[in-house]
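Reviewing the structure listed below.
Labels below follow one simple rule: chain letters A, B, ... track the order of the sequence lines, proteins then strands, and each chain is numbered from 1.
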2 protein chains.
Amino acid sequence: MIIDGKQIRPIWLDEDRFTVKVIDQRQLPHRFVVADLTTVDQVIHAIREMFVRGAPLIGVTGAYGVMIAAQNGKSASNQVGFIIQECERIKAARPTAVNLAWGVDRVLERVHAASSPAARIDAARAEAAVIAEEEAENCRLIGVHGAGLIEAVSRRKNGSTVNVLTHCNAGWLACIEYGTATAPIYEAFNRGVDLHVWVDETRPLNQGARLTAWELGKHGVPHTVITDNAGGHLMQHDRVDMVIVGTDRTTHTGDVANKIGTYLKALAAWDNNIPFYVALPSSTFDWTMTDGVKEIPIEARNPDEVRYIQGLANGRVTQVLVPPESSPAADFAFDVTPARLVTGFITERGVCSASEPEIHGLFPER
Amino acid sequence: MIIDGKQIRPIWLDEDRFTVKVIDQRQLPHRFVVADLTTVDQVIHAIREMFVRGAPLIGVTGAYGVMIAAQNGKSASNQVGFIIQECERIKAARPTAVNLAWGVDRVLERVHAASSPAARIDAARAEAAVIAEEEAENCRLIGVHGAGLIEAVSRRKNGSTVNVLTHCNAGWLACIEYGTATAPIYEAFNRGVDLHVWVDETRPLNQGARLTAWELGKHGVPHTVITDNAGGHLMQHDRVDMVIVGTDRTTHTGDVANKIGTYLKALAAWDNNIPFYVALPSSTFDWTMTDGVKEIPIEARNPDEVRYIQGLANGRVTQVLVPPESSPAADFAFDVTPARLVTGFITERGVCSASEPEIHGLFPER
């Protein structure tokens, strides 16, 4: 995306063709910091501590992690064995996003096909780059397909403002370009549709308030930050026309794991007869699981992410403790929205309903 | 309630019998500050800026505000006219809680019946004190009736931990003693029921994390602070046995205005077949409105309450800005949960379902 006049992605390869550069998203919107990744430990740290986050970006970061493992294992007596071990560690960095294992395994397959240490490094680098480009293109196509849905609402409203609600950040920061949930928004906005985005702040880590608001603001898209509690009230009063969110893992039966709180918004949309769309590249589908609520592993994170909130005070990024020091907290990162609450999926191949036959109809090769 | 060995209420009359003392709840849990109210402007400021909050406490503060108006108008050429004017200003301080107008009007009636400036002051003081005692007693009775519901769950679970979820603070800080939603929790806990409370942090002002967690901690009640996003996930996984919340205004048909986000929890409880109770003294019923979603006025507050979050940093209470400085926000204080999602009301006279006939059956004099 073009930010302040510069072309930027959340992850790229340095000119040295070895160092992986990522935006440290923990610092946004108040500081723009780029981190270098040159070891697998750094890759794992960046994924776990959420320098990078969002299913597609985690997948690409994992893919580049295999290149880093290959590079650092180039003098090992058994480079392939070393890479395999490192890949297991990378895949365990976060449990919910299916793209992580998908990206790592896809690069690993290319590594296995190569026949020398240098060839393995090159193969990993090339495949990681291919995945990044594919994800960017997938997001572009999601934008094209999803913009049609927004335009249809705009026509129905005779061109008056279309209000889209989104939760968390499924923007270009979570992907490579365009975003998943935001791709239709950017595309419709670029086509001149009058729209406005309700941005759920998305506790505990406030990716909506910090990242989605920053992205939309930089692109000039009208938006308003609201608490995660507000969406139901807005829907009751006809102030939301559609909901579009991303996902970290969606079963091939249509159950959607996404940032904690998504399920509550889906319930409210259902109760108020408002379309609830999930935008995703096919890499986010889990083709093995059938019951999302029962089967998708939900990450429990450090409760201090709930207790402490980060923001700007007197020009400095500061963390404040909200509850009493002695009160325990719990931090669940995701929840699962059952397929029955989902109006449709916006994928790189088009839109389908949240049902196994329609999903497989769109991706018959699976 | 007894806090750190001392009997304390959120509002009381000073020994001078004129100054009204309130806990400045904006400062909790990190600072315990008491504010003096001796003018109507101070009363309005304390209500609007939420030194005091919670429907019953707002009602009692408004009631004492009439006494302050009577005192300050004692030398006015038309004391009664002055008091009436001041009462209109007090009633306009916040729009949603019905208790405010109810408390003010009830004291005003006594003022009208008195025949001298001094008698009017005494009548207002006496009636405000009666309202405070009645609300305390109502909350005690809500505790007794509601504890039976918790005990029934405990028996069904063979004594294993009963998990109660609550939203915002409907504790003694919001009332006079015991609280509304917390009264059954305190009562059941005191009777020895094994229970645990999921405390919604309750954005934007974090009354759950700041006030409910503080209250429960001081009383020794096991609790865990969670984001407002987490409740649906917990309910899907059988980790919530019942929900109990308070209310700022409930129509006599059973629609419940409460802190923004309550509606989302009610939807999740409904979707997972979990009982959703609302605890309230009868002073919170609005006997004139029939459609809560359409009729109850929902207060819009300063968006900076969403953008800035207050907590402790380096031993100091500090506010941090979360979204980009340039991103607008919106702040809706309440939402309305339709009666169809409410399992029952816990009142001072017992428990009833959320239906006009049952509510009127319990309060036939209305």
Side-chain angles (χ1 to χ4, degrees), chain A residues 29-30 198-199 201-204 206 209-210 213-214 216-217 223-234 236-237 259-265 267-268 270-271 293 298 303 306-313 317-332 334-336, chain B residues 29-30 198-199 201-204 206 209-210 213-214 216-217 223-234 236-237 259-265 267-268 270-271 293 298 303 306-313 317-332 334-336:
Chain A
H30 304 300
W198 293 111
V199 178
E201 60 178 5
T202 317
R203 292 278 297 139
N206 295 315
R210 292 193 303 108
W214 182 78
L216 295 174
H223 65 281
T224 305
V225 176
I226 51 174
T227 63
D228 302 312
N229 284 326
H233 168 69
L234 291 170
Q236 284 179 319
H237 292 273
K259 180 59 51 194
I260 190 87
T262 301
Y263 167 52
L264 297 173
K265 291 299 134 63
L267 285 166
W270 180 262
D271 200 45
V293 174
I298 300 298
V306 173
R307 289 156 41 87
Y308 289 85
I309 298 179
Q310 178 179 291
L312 200 66
V317 173
T318 305
Q319 290 203 328
V320 294
L321 171 70
V322 175
E325 179 60 55
S326 56
S327 282
D331 184 13
F332 308 95
F334 305 95
D335 63 21
V336 176
Chain B
H30 303 301
W198 295 110
V199 178
E201 59 179 5
T202 319
R203 291 278 297 139
N206 295 314
R210 293 192 302 107
W214 181 79
L216 294 174
H223 65 282
T224 304
V225 176
I226 52 174
T227 63
D228 302 312
N229 284 326
H233 169 70
L234 291 170
Q236 283 179 319
H237 292 273
K259 182 57 52 193
I260 190 88
T262 301
Y263 166 52
L264 297 172
K265 291 300 135 61
L267 285 167
W270 180 261
D271 199 47
V293 174
I298 299 297
V306 173
R307 288 156 41 86
Y308 289 85
I309 299 180
Q310 177 179 293
L312 201 67
V317 173
T318 305
Q319 288 203 329
V320 295
L321 171 70
V322 175
E325 178 61 53
S326 56
S327 283
D331 184 13
F332 309 95
F334 304 96
D335 63 20
V336 175

Please rank [options] by heavy-atom pairs under 4.5 Å with chain B and give me the top one.
{"options": "A/Ile226, A/Asp335, A/Leu264", "result": "A/Leu264"}
{"options": "A/Ala268, A/Ala313, A/Pro29", "result": "A/Pro29"}
{"options": "A/Asn206, A/Val317, A/Leu267", "result": "A/Leu267"}

Flag the one option from [options] with the top tally of heavy-atom pairs under 4.5 Å to chain A.
{"options": "B/Gly231, B/Pro303, B/Gly232", "answer": "B/Gly232"}
{"options": "B/Val199, B/Leu234, B/Thr262, B/Asp331", "answer": "B/Leu234"}
{"options": "B/Gly217, B/Pro204, B/Ala230, B/Ala209", "answer": "B/Ala209"}

Aromatic rings B/Phe332 and A/Trp198: how do their planes relate, parallel, tilted or perpendicular, breaks at 30° and 60°?
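Taking A/Trp198 first and then B/Phe332, their aromatic rings stand perpendicular (interplane angle over 60°).
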Could you please spell out the steps behind the side chain to side chain donor-acceptor pair (under 3.5 Å) verdict for B/Asn229 and A/Tyr263?
CA-CA 9 Å; B/Asn229 284 326; A/Tyr263 167 52; over 6 Å; no
Contact check, side chains of [X] and [Y], non-hydrogen atoms, under 4.5 Å:
{"X": "A/His223", "Y": "B/Pro328", "answer": "yes"}
{"X": "B/Val306", "Y": "B/Arg203", "answer": "yes"}
{"X": "A/Leu312", "Y": "B/Val320", "answer": "no"}
{"X": "B/His233", "Y": "A/Ile298", "answer": "yes"}

Under a 4.5 Å heavy-atom cut-off, does chain A meet the side chain of [X], its backbone, both or neither?
{"X": "B/Leu216", "result": "neither"}
{"X": "B/His30", "result": "side chain"}
{"X": "B/Ser326", "result": "neither"}
{"X": "B/Phe334", "result": "backbone"}
{"X": "B/Pro324", "result": "both"}

With a 4.5 angstrom heavy-atom cut-off, could you sort out which part of A/Thr318 is near chain B: side chain, backbone, both or neither?
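For A/Thr318, the contact with chain B is made by backbone and side chain together.
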Let me know if A/Gln310 has heavy atoms under 4.5 Å from chain B in its side chain, its backbone, both or neither.
backbone
So which heavy atom on A/Gln236 is nearest to which on B/Val293, and how close?
NE2-CG2, 3.8 Å
Using a strict 4.0 Å threshold on nitrogen-to-oxygen distance, state whether A/Glu201 and A/Arg210 make a salt bridge.
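No.
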Qualifying residue, where the test is side-chain contact (heavy atoms from CB on, under 4.5 Å) with A/Thr202 and the options are A/Thr227, A/Asp228, A/Val225
A/Asp228
